[in-house]
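Below: one structure, written as structure tokens.
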Amino acid sequence: MAAEPADVRVDNVVKRFDELVAVDGISLEIPRGSFFAMLGPSGCGKTTTLRMIGGFEEPTSGAIYLGDRDVVGLPPYKRDVNTVFQSYALFPHMTIRDNVAFGLERRKVPKDEIKKRVEEMIELVGLAGRGNVKPRQLSGGQQQRVALARALVNRPRVLLLDEPLGALDLKLRKQMQLELKRIQHDVGITFVHVTHDQEEAMTMADQIAVMNLGRIEQLGSPTELYESPQTAFVAGFLGKSNLLEGAVVNGGVVRLANGVEVRADVTGVSGQVAIGVRPEKVQLGGAGANRLEGRVRETAYVGVATEIVVETPAGDITVFHQNAEAGGVIPAGGSQVTVSWSPEATFVVEREEEEART
Ligand code: ATP
């Protein structure tokens, strides 16, 4: 059976702006109907990659396919994509209904069909009954829903979202994350979403490309990236990690700086490494096979958990101790404690090089 072509395929794409290499050889495939996020710090090249898929920038080299069509050189309006930006750019003098209908009217879609599709979309984004109002009568979150409806009504192959929730306050952003995921699920269109917010990407996406310095550091599901980060950058960018430097001995053993040996899956790595473990997987005391002695430096109560920083000769370890039981005892600053975690919770990454961008 011939596999269906990916909805978006980016093949070894490079983008230079004069001397600056903004995108440095990126390849990725986005399967039909998936929610894909490009995540990374400011300047990592994610927006430029999105803009190249949309046709707002052309690659310096490499190819971009939408389905099986090579789209390099095609202007945005000839690509089967729509983009939603952070600024909603709605027409202020037009009603919500007319804003949503705009693209279909320009394409001379029959009136009856426009009416039906527009009402469906307005309902889909949760604005039923508000079709006659003007954008300024809506909140920021509602205006962003209109922008979304206006893009989706065209039924593009791919919807590109460039930090679409960036202008909303935290509470609304969280609500819209879940809404966006639901809408994507309902319409089944491929969404490609750019964000620097790891929680946002984790909440919504099926697959995330974590980008740094114009390259993809790692591509995977939120669980894969969180449970098995392959680089120190990914471990640090998605959630909190404890990283301790050491050297691979062999047979699944890493010797830490203080000589203590810990067990971990070392497949594919050797020499100088860092081992990592997530703070919620470390226990005070406990029976984990990987163990370190240390001294409590500080504790901070953060509601669901207490964060405890333990100073060990191999480096600091942060522990998230769940506050599940009322009155649980938290060791005082200065106490001697043992921390432990399991080999299965331990990941191994190469040591982070001091990388200078040229
Ligand atoms: P942000 O979240 O801040 O938008 P980003 O990861 O999306 O960051 P890009 O906007 O893709 O990053 O930019 C990548 C690099 O390319 C940056 O160093 C940026 O300054 C540069 N760049 C982007 N567009 C242009 C342009 N039109 N001309 C020159 N340099 C550009």
Side-chain angles (χ1 to χ4, degrees), residues 8-30 35-64 66 71-76 79 81-89 140 144 147 151 158-170 173-174 176-177 180 190-205 207-220 222 225 229 231-239 352 354-358:
V8 180
R9 182 151 69 87
V10 173
D11 194 5
N12 203 16
V13 162
V14 173
K15 177 66 180 178
R16 287 175 183 277
F17 294 105
D18 300 319
E19 291 305 297
L20 182 99
V21 182
V23 174
D24 193 8
I26 280 188
S27 297
L28 52 86
E29 287 194 10
I30 305 177
F35 201 132
F36 189 89
M38 289 193 274
L39 172 70
S42 182
C44 71
K46 54 195 188 299
T47 304
T48 303
T49 305
L50 192 84
R51 289 171 60 79
M52 288 190 286
I53 297 170
F56 303 102
E57 299 280 359
E58 291 298 343
T60 309
S61 63
I64 296 176
L66 293 175
V71 293
V72 170
L74 287 183
R79 300 187 185 198
V81 297
N82 270 98
T83 309
V84 176
F85 298 97
Q86 183 173 333
S87 58
Y88 332 117
Q144 193 55 295
V158 179
L159 186 74
L160 305 177
L161 300 135
D162 190 359
E163 300 260 7
L165 311 181
L168 308 179
D169 68 43
L170 185 65
R173 203 155 72 221
K174 294 220 172 284
M176 280 295 287
Q177 288 168 6
L180 262 181
T190 303
F191 278 28
V192 185
H193 180 247
V194 156
T195 180
H196 61 269
D197 179 340
Q198 51 105 6
E199 209 181 306
E200 182 164 307
M202 304 259 286
T203 305
M204 294 195 287
Q207 294 270 303
I208 303 174
V210 182
M211 293 180 59
N212 185 28
L213 301 170
R215 302 202 187 117
I216 296 177
E217 288 260 337
Q218 191 173 347
L219 199 162
L225 295 171
T231 67
F233 177 83
V234 174
F237 200 77
L238 276 99
E352 201 160 40
E354 291 300 318
E355 205 164 349
R357 186 162 194 180
T358 49

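Ligands are counted one by one from 1 in listed order, and the atoms in each one are counted from 1 as well.
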Worksheet, complete the sentence: One finds that the ligand 1 atoms under 4.0 Å from a non-hydrogen atom of Cys44 are 5 (P), 6 (O), 12 (O)
Response to the item:
Within 4.0 Å of some non-hydrogen atom of Pro41, the atoms of ligand 1 are 6 (O)
Practice prompt. List for me each residue that meets salt bridge (charged side-chain N to carboxylate O under 4.0 Å, His left out) alongside Glu163, sequence neighbours excluded, and say none if there are none.
Written response: none
Fill in: ligand 1 atoms in contact with Gly43 (distance to a heavy atom under 4.0 Å)
1 (P), 3 (O), 5 (P), 6 (O), 8 (O), 12 (O), 14 (C), 15 (C)
Discussion item. Quick one, Pro164 and Phe191 - any side-chain contact, counting heavy atoms below 4.5 Å?
Written reply: no
Discussion item. Pair Lys174, Glu200 - check salt bridge (charged side-chain N to carboxylate O under 4.0 Å, His left out), show working.
Written reply: CA-CA 8 Å; Lys174 294 220 172 284; Glu200 182 164 307; over 6 Å; no
Worksheet entry | Atom indices of ligand 1 within 4.0 angstrom of Leu20 heavy atoms, with elements | 15 (C), 16 (O), 18 (O), 21 (C)
Worksheet, complete the sentence: For Thr47, the atoms of ligand 1 under 4.0 Å from one of its heavy atoms are 4 (O), 5 (P), 7 (O), 10 (O), 11 (O)
Worksheet item: Given side chains that start at C-beta, do those of Thr190 and Leu159 come closer than 4.5 Å, heavy atoms only?
Response: no
Worksheet entry | Close N or O approach (Glu163, ligand 1; < 3.5 Å) | no
Item to complete: May I ask you to check whether Phe17 has an N/O atom sitting below 3.5 Å from an N/O atom of ligand 1?
Response: no
Item to complete: Under the side chain to side chain contact (heavy atoms under 4.5 Å, CB included) rule, what do Val192 and Leu161 come out as? Steps first, then yes or no, please.
Response: CA-CA 6 Å; Val192 185; Leu161 300 135; over 6 Å; no
Item to complete: Enumerate the atoms of ligand 1 whose separation from the nearest heavy atom of Ala22 is less than 4.0 angstrom.
Response: 14 (C), 15 (C), 16 (O)
Discussion item. Within the structure provided, determine whether Asn82 and Leu160 are in side-chain contact (heavy-atom separation under 4.5 Å).
Written reply: no
Worksheet entry | Within-cut-off N or O pair, Thr49 and ligand 1, under 3.5 Å | no
Item to complete: Mark the output for His196 as yes if a heavy-atom distance to ligand 1 is under 4.0 Å, and as no if none is.
Response: no
Listed pairs under 3.5 Å, donor-acceptor, residues 55-62 side chains, sequence neighbours left out:
{"from": "Glu58", "atom 1": "OE1", "to": "Gly73", "atom 2": "N", "distance (Å)": "3.1"}
{"from": "Glu58", "atom 1": "OE2", "to": "Gly73", "atom 2": "N", "distance (Å)": "3.3"}
{"from": "Glu58", "atom 1": "OE2", "to": "Arg79", "atom 2": "NH2", "distance (Å)": "3.3"}
{"from": "Thr60", "atom 1": "OG1", "to": "Arg16", "atom 2": "N", "distance (Å)": "2.8"}

